[in-house]
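Below: one structure, written as structure tokens.
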Amino acid sequence: MHWRVDNSPEDRMNADQELVRRVQAGDKKAFDLLIMKYQQRIIHVITGFVHDPVEAMDVAQEAFIKAYRALPGFRGDSAFYTWLYRIAINTSKNYLTAASRRPPVTDVDAMDATIYYDAPELKEFETPENSLMSDELQQAIHDAIQDLPEDTATAIKLREFDGLSYEEIAQAMDCPIGTVRSRIFRAREAIDKQVKAVMGGEEQQ
Amino acid sequence: MTAKQHELLSAFVDGELNSQELDELLSLMSTDDNAKADYQRYQLSSDVLKGYTNRSQPVDLTARISTALADEPVHQLAEQQTRKASVISLPDWFWKQTAGLAAAASIGALAVVGVFNQPQTTATPELAQVEQVQTQTAVAASPNRWTVGEQEVEDRLNNYLVDHNEYAGASGLFSYARVVSYGEE
């Protein structure tokens, strides 16, 4: 069955690439979106090297600033995140060297570094309170997915766990891309209610 | 915020926006702090599901980095470079085929020009006379045949010539036989 494509593949673009192009063209606001999108991952990577939370924030900030300055030279040969990750690693190592501390001997793959946060080489600055909140957050999100209608739950799982694009999910679920988009959005809304509760942001709009 | 705007935030988490929607998103984010907060939570949920988060309080570095970058110059020259790059960034197969066609066309043109111009491009009157004599000798008996006196050698040479002509014709090369017999006209 062939569905009408609401947002054709030619029309859609790589959002990161487009944001990078806009920053290169002088739009600083576009860089804010890249910060918002990747800051948690970058902080996570940096904490594998710099264990003090305050220092890690400083190094993350420095990494983003370096990335901004180097952006005119970024030609998109690799994904933006891979490029940013490399800058974060180098900034962390330089920071440790400057502080006369020994950087880790081996590098960690970008995906491994961000996914396996129990990896021994990735020490983290966790307090009991933070750890408890992180566990609660994960539990709340998974509970929210459990309570979703089947179609909505399937769409968000295919997206988040399997990494499928909207187009691929539409094919897998035999429905239009617009339906996939709205199902994923509804799933996020339901999840967000739980997240807000855990984070203490009870304010409902 | 409207449901459509929230849907926009959700689609951005997944990188599934077109250029116009990205414009809308940038406009929304620059004017609405609620949009920023909502997006951050959407992104956090996505990061948690993918296992990308820390076991620490989620932090937002956007404001402090933006402040730190306030005095940085904006990148402007890159626009021209990226546009220029996008104009010439055609796929490899296009350049390969174009180069192949150009080479084939050049060889064909050279061959045609060479055939039609050769009698006129003879360097000196002496050479022209020698060529004329040789041509008359070579094609005296019949066109596209060698005439060298000894029948056995002549037949063998003519067989070579015919074979060469057939293979050259099949492979698209210019026929040597036609070149040899041009002066017969």
Side-chain angles (χ1 to χ4, degrees), chain A residues 7 11-16 18-19 21 23-26 28-33 35-37 39-41 43-44 47 53 57 60-61 64-65 68-69 71-72 75 114-117 124-126 130-131 133-134 137-138 141 159-161 165-166 181-182 184-185 188-189 191-192 195-196 205, chain B residues 1 3 6-22 25-26 29-30 34 36-66 68-70 72 74-79 81-83 85-86:
Chain A
N7 197 6
D11 194 29
R12 292 196 310 275
M13 35 71 223
N14 182 317
D16 284 1
E18 178 62 15
L19 286 171
R21 194 193 64 75
V23 179
Q24 288 173 332
K28 274 189 180 178
K29 292 286 180 193
F31 194 66
D32 287 352
L33 289 191
I35 300 169
M36 281 188 223
K37 186 167 183 180
Q39 58 184 340
Q40 300 300 336
R41 291 193 217 180
I43 291 168
H44 177 76
T47 53
M57 301 299 155
Q61 176 174 331
F64 275 109
I65 290 171
Y68 176 81
R69 289 174 179 157
L71 215 50
R75 298 193 300 184
T114 46
I115 291 175
Y116 302 118
Y117 51 70
E124 298 185 31
F125 49 90
E126 61 177 275
N130 289 345
S131 186
M133 184 185 162
S134 177
L137 198 59
Q138 286 187 57
I141 291 170
R159 173 64 212 155
E160 300 291 21
F161 299 147
S165 68
Y166 284 6
R181 182 169 158 145
S182 67
I184 289 174
F185 161 58
R188 287 221 166 90
E189 273 199 319
I191 292 168
D192 194 47
V195 170
K196 276 199 273 194
Q205 294 169 20
Chain B
M1 277 182 67
H6 275 112
E7 192 175 311
L8 209 60
L9 300 180
S10 170
F12 178 61
V13 171
D14 301 321
E16 296 267 359
L17 296 180
N18 63 32
S19 190
Q20 185 190 343
E21 289 171 330
L22 197 58
L25 183 78
L26 281 164
M29 296 289 236
S30 62
N34 285 333
K36 281 185 188 173
D38 291 350
Y39 167 73
Q40 302 260 40
R41 285 195 313 278
Y42 283 3
Q43 185 65 57
L44 177 66
S45 302
S46 177
D47 287 346
V48 169
L49 284 169
K50 291 186 180 109
Y52 286 157
T53 53
N54 306 299
R55 287 181 173 275
S56 62
Q57 284 276 0
V59 291
D60 182 13
L61 299 177
T62 316
R64 59 187 270 191
I65 295 173
S66 292
L69 289 175
E72 291 284 329
V74 294
H75 305 308
Q76 288 182 329
L77 293 176
E79 172 74 349
Q81 290 169 354
T82 50
R83 283 190 178 164
S86 66

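Keep in mind that what you see is a predicted model, and the values were worked out from it rather than measured. All values below come from the heavy atoms of this structure, side chains included, with hydrogens, waters and symmetry mates left out. Here is how names work: the chains are called A, B, and so on, in the same order as the sequence lines, proteins then strands, and each is numbered from 1.
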With a 4.5 angstrom heavy-atom cut-off, is it the side chain or the backbone of Ile184(A) that approaches chain B, or both, or neither?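 Contact with chain B: backbone and side chain both.
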Contact class of Phe161(A) relative to chain B, heavy atoms under 4.5 angstrom: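 For Phe161(A), the side chain is the part near chain B, not the backbone.
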Are any of the side-chain heavy atoms of [X] and [Y] separated by less than 4.5 Å?
| X | Y | answer |
| --- | --- | --- |
| Glu18(A) | Ser19(B) | yes |
| Gln43(B) | Gln39(A) | no |
| Phe12(B) | Leu33(A) | yes |
| Asp14(B) | Arg159(A) | yes |
| Val195(A) | Val48(B) | no |

Pairwise distance [atom1]([X]) to [atom2]([Y]) - rounded to 0.5 angstrom:
| X | Y | atom1 | atom2 | result |
| --- | --- | --- | --- | --- |
| Leu19(A) | Leu22(B) | CG | CG | 5.0 Å |
| Leu69(B) | Arg69(A) | CG | CZ | 7.5 Å |
| Thr62(B) | Met36(A) | OG1 | CE | 4.5 Å |
| Asp32(A) | Met29(B) | CG | CE | 9.0 Å |
| Ser46(B) | Arg188(A) | OG | CZ | 5.0 Å |
| Lys37(A) | Tyr42(B) | NZ | OH | 16.0 Å |

Closest heavy-atom contact between [X] and [Y]?
| X | Y | answer |
| --- | --- | --- |
| His75(B) | Tyr68(A) | NE2-O, 2.7 Å |
| Gly15(B) | Ala15(A) | CA-CB, 4.0 Å |
| Ile191(A) | Ser45(B) | CG2-OG, 3.6 Å |

Of the listed residues ([options]), which shares the most heavy-atom pairs with chain A below a 4.5 Å separation?
| options | value |
| --- | --- |
| Leu25(B), Asp60(B), Leu9(B) | Asp60(B) |
| Ala11(B), Ser66(B), Ala68(B) | Ala11(B) |
| Arg64(B), Gln40(B), Lys36(B) | Arg64(B) |

Is a donor on one side and an acceptor on the other found under 3.5 Å between the side chain of [X] and the backbone of [Y]?
| X | Y | answer |
| --- | --- | --- |
| Glu16(B) | Arg181(A) | no |
| Lys28(A) | Ala70(B) | yes |
| Gln40(A) | Val59(B) | yes |

